[in-house]
2 protein chains.
Amino acid sequence: MGIIRKTESVEILLNEFQDTETALSTVELIKRLGKQINKTTIYRVLSKLEDDGVLHSFLGFDGVKRFARCKTCSKSNHSDVHPHFQCVSCGKTECLDIEVNIPELLNREVMFSQLLIKGKCNLCAV
Amino acid sequence: MGIIRKTESVEILLNEFQDTETALSTVELIKRLGKQINKTTIYRVLSKLEDDGVLHSFLGFDGVKRFARCKTCSKSNHSDVHPHFQCVSCGKTECLDIEVNIPELLNREVMFSQLLIKGKCNLCAV
DNA sequence: CTTATATTTGCAACTTAGTTGCATTAACTA
DNA sequence: TAGTTAATGCAACTAAGTTGCAAATATAAG
Ligand SMILES: [Mn+2]
Ligand SMILES: [Mn+2]
Ligand SMILES: [Zn+2]
Ligand SMILES: [Zn+2]
């Protein structure tokens, strides 16, 4: 079930994802917006934005959910599948605009895959 | 800090990983062994076995930690990096003996990567 | 502009994976 | 066999995420 009304919470949250390919964790958003929006609402709005194809989500190495803007998705067509990169130094997590081809697996039906890369981002690498 | 003494808990847990490439979640192991071994001990022994290079771990799509036997690792050399497959029907999670090459990322230093594939396993596929 | 209705929100209480401190027990060594 | 130290069990805790419900608010009709 997606978003029906353009509330303040929705606008504040959408704003956080403007002009960035960076993924934001729920923990981060609650820390940042917890005084303006209740954490339950934050979880609910994020989940609705994901249903609508506005955001996509994945789990970081710490098991915490992260959200990032979708580029080419809609409510009916969620096709935003790409690797994610998490920096061990600054913690920044980014979407990567690259294709990774998954090899065929005999006897198995592949439905979805996620690649998570750990390392040092462009700012933190030596 | 790895394992120093061969206790009953260690043997029971090691036994669960015999003769299988299947990964077992902490939740599964606690459900299965919770009457013989305290859950705290289960977590602690698993972590030590990982330090020793006997097991390796990763997070499933549900965010729950899973462990599986290492093939070629030791305390000093943890080189067991491979994709994992999680079945949406039966929940079974397996290590995949395939190589996936990660493309170079300019300006970034790649330290580690994990590929998690969701689908239907050989038994559950049509 | 006012009202009716359905959606959204905040709050408190809850669930669950995982961790910690500490006293007790058990494995190994001498 | 006794002493040392690692390992265990227990209870209490942490933290991410969820749920039920009453109060608030966006939206559309009148
Ligand atoms: Mn992304
Ligand atoms: Mn594996
Ligand atoms: Zn960085
Ligand atoms: Zn299966």
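Here is how names work: the chains are called A, B, and so on, in the same order as the sequence lines, proteins then strands, and each is numbered from 1. Values in this document were obtained by computation on a predicted structure and should not be read as measured data. No hydrogens, no waters, no symmetry mates; every other heavy atom, side chains included, goes into these values.
Proximity note for B/Val64 (side chain, C-beta onward) versus C/dT9, C/dA17, D/dG9: the nearest is C/dA17. Of the candidate nucleotides D/dT8, C/dA26, C/dT7, C/dT7 has the atom nearest to the side chain of A/Ile4.
Atoms CD1 (A/Ile12) and C1' (C/dT8) sit 14 Å apart, rounded to a whole Å. As a whole-Å value, the separation of B/Ile3 CD1 from C/dA26 C1' is 15 Å. Rounded to whole angstrom, the span from the NZ atom of B/Lys39 across to the P atom of D/dC10 amounts to 12 Å. The NZ-C1' distance, from A/Lys6 to C/dA6, rounds to 18 Å in whole Å. For B/Leu33 and D/dT8, the CG to P distance is 13 Å, given to the nearest whole Å. Rounding to whole angstrom units, NZ of residue A/Lys65 and P of C/dT16 are separated by 17 Å. In this structure, A/Asn38 places its CG atom 17 Å from P of D/dC21, rounding to the nearest Å. Rounded to whole Å, the distance from CD on A/Glu50 to P on D/dG17 is 12 Å.
Regarding contacts with the backbone of C/dG10, a side-chain N or O of A/Thr41 is found under 4.0 angstrom from either OP1 or OP2. Taking 4.0 angstrom as the limit, B/Ser9 places none of its side-chain polar atoms (N or O) nearer than this to OP1 or OP2 of D/dA7.
Among all heavy-atom pairs drawn from B/Asn122 and A/Arg108, the shortest one is N-CG, 3.6 Å.
The nearest heavy atom of DNA chain C to B/Arg5 and to B/Gly63 marks one nucleotide each, and the one closer to the 5' end goes with B/Gly63. Projected onto DNA chain C by closest heavy-atom contact, A/Gly2 and B/Thr7 fall at different nucleotides, the more 5' of which corresponds to A/Gly2. In terms of position along DNA chain D, the nucleotide closest to A/Ile30 lies nearer the 5' end than the nucleotide closest to the other residue of the pair A/Arg44 and A/Ile30.
Note: A/Phe58 and A/His84 have parallel aromatic rings, judged against thresholds of 30 and 60 degrees for the angle between ring planes.
A/Phe61 and A/Leu115 are assigned to two separate hydrophobic clusters, defined by single-linkage of ILVMFWY side chains at heavy-atom distances under 4.5 Å. Residues B/Leu96 and A/Val110 share a hydrophobic cluster, clusters being chains of Ile/Leu/Val/Met/Phe/Trp/Tyr side chains in contact below 4.5 Å.
Here the CG-CG distance, from B/Leu46 to B/Asp51, works out to 11.0 Å after rounding to the nearest 0.5 Å.
Among the heavy atoms of the strands lying under 4.0 Å from B/Thr40 is at least one base atom, whether or not backbone atoms are also near.
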